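It should be emphasised that the depicted structure is a prediction, and the values quoted were computed from it without experimental measurement.
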Amino acid sequence: MLDSVLLALFLPCLGMSAVFIVYMCLLWYATTHHHPSLGQPVKPVSDKGLSSLELEKLPTITGKELILGTECAVCLDEIENDQPARLVPGCNHGFHVHCADTWLSKHPLCPVCRTKLDPQIFISQSPC
């Protein structure tokens, strides 16, 4: 009777100890063996942002002219009625000029809807 009670207590402890040791070995192996493919980003970084000349070609309006809301998605602050705002062509989302220029100089997409800016808007029209 006493032997069966000791076995009932000892075997689960032995099993949990074995699981813990295997877990620690796997954790040690994962931290000491570096795989070069794990350091690579899953989604490759595509285009770089817009140049300062391209940023100047984007429309600038005031906060009271915004249609789709007055919250700047970059800094999460309200765009006041008298503040200048940068409008992203195509989706018409508006941002503070400084916030939009900072974002768009690194990413050529709208921070809200991720619409890629069409390169055709930056081609200057030649006079006829």
Side-chain angles (χ1 to χ4, degrees):
M1 174 80 176
L2 185 60
D3 292 337
S4 61
V5 171
L6 288 176
L7 283 176
L9 294 175
F10 177 71
L11 288 178
C13 291
L14 183 65
M16 290 303 294
S17 298
V19 169
F20 179 73
I21 290 170
V22 169
Y23 172 75
M24 293 304 291
C25 289
L26 289 173
L27 188 62
W28 171 81
Y29 180 80
T31 56
T32 57
H33 292 81
H34 300 287
H35 300 284
S37 63
L38 294 178
Q40 302 295 327
V42 175
K43 185 176 180 183
V45 179
S46 57
D47 302 313
K48 63 176 202 160
L50 305 179
S51 69
S52 58
L53 293 173
E54 292 172 328
L55 289 171
E56 290 176 12
K57 293 182 181 180
L58 294 176
T60 303
I61 59 174
T62 60
K64 65 182 173 188
E65 297 174 280
L66 290 172
I67 298 170
L68 297 177
T70 59
E71 182 182 41
C72 176
V74 177
C75 70
L76 302 177
D77 199 9
E78 290 294 319
I79 303 171
E80 302 297 327
N81 286 341
D82 57 338
Q83 284 182 320
R86 180 81 71 205
L87 196 64
V88 178
C91 63
N92 293 328
H93 287 119
F95 310 94
H96 292 112
V97 172
H98 175 72
C99 296
D101 290 355
T102 302
W103 173 269
L104 294 171
S105 67
K106 297 175 184 167
H107 315 280
L109 359 132
C110 174
V112 173
C113 63
R114 302 292 189 182
T115 299
K116 186 169 179 155
L117 275 80
D118 185 13
Q120 295 295 340
I121 63 172
F122 301 114
I123 298 174
S124 58
Q125 300 289 333
S126 58
C128 297

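Nearest heavy atom pair, residue P108 against residue L50, reads CB-CD2, 4.2 Å. Shown here for T115 and C113, the closest heavy-atom pair between the two residues is OG1-SG, 2.9 Å.
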Side chains of residues 66-78: which donor-acceptor pairs under 3.5 Å do they make with residues two or more places apart or in other chains?
residue: T70; atom: OG1; partner: E78; partner atom: OE1; Å: 2.5

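Grouping the Ile, Leu, Val, Met, Phe, Trp and Tyr side chains by contacts below 4.5 angstrom, directly or via other members, places I61 with I79. Note: the hydrophobic cluster containing V19 does not contain M24 (ILVMFWY, side chain heavy atoms under 4.5 Å, direct or indirect links). When hydrophobic clusters are built by joining Ile, Leu, Val, Met, Phe, Trp and Tyr residues whose side-chain heavy atoms come closer than 4.5 Å, directly or via intermediates, L117 is grouped together with V112.
Rounding to the nearest 0.5 Å gives a distance of 11.0 Å between NZ of K57 and OG of S52. In this structure, NZ on K48 lies 10.5 Å from OG on S105, to the nearest 0.5 angstrom. F95 CZ to T102 OG1: the interatomic distance, rounded to the nearest 0.5 Å, is 12.5 Å. Atom-to-atom distance recorded for D101:CG and H96:NE2 is 12.5 Å, nearest 0.5 angstrom.
Judged by distance alone, the side chain of W103 and the main-chain N or O of L109 form a donor-acceptor pair under 3.5 Å. R86 places a side-chain N or O within donor-acceptor distance of the main-chain N or O of L58, the cut-off being under 3.5 Å. Checking side-chain atoms of E54 against main-chain N and O of S51 turns up a donor-acceptor pair under 3.5 Å.
Looking only at side-chain heavy atoms (C-beta outward), C110 and V88 come within less than 4.5 Å of each other.
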* To do: Dump the intermediate steps for side-chain contact (heavy atoms from CB on, under 4.5 Å) on L87 and N92, then the final yes or no.
  => CA-CA 6 Å; L87 196 64; N92 293 328; 4.0 Å; yes
* Asked: When you look at N81 and T62, which way does the side-chain contact (heavy atoms from CB on, under 4.5 Å) test go after all the steps?
  -> CA-CA 6 Å; N81 286 341; T62 60; over 6 Å; no
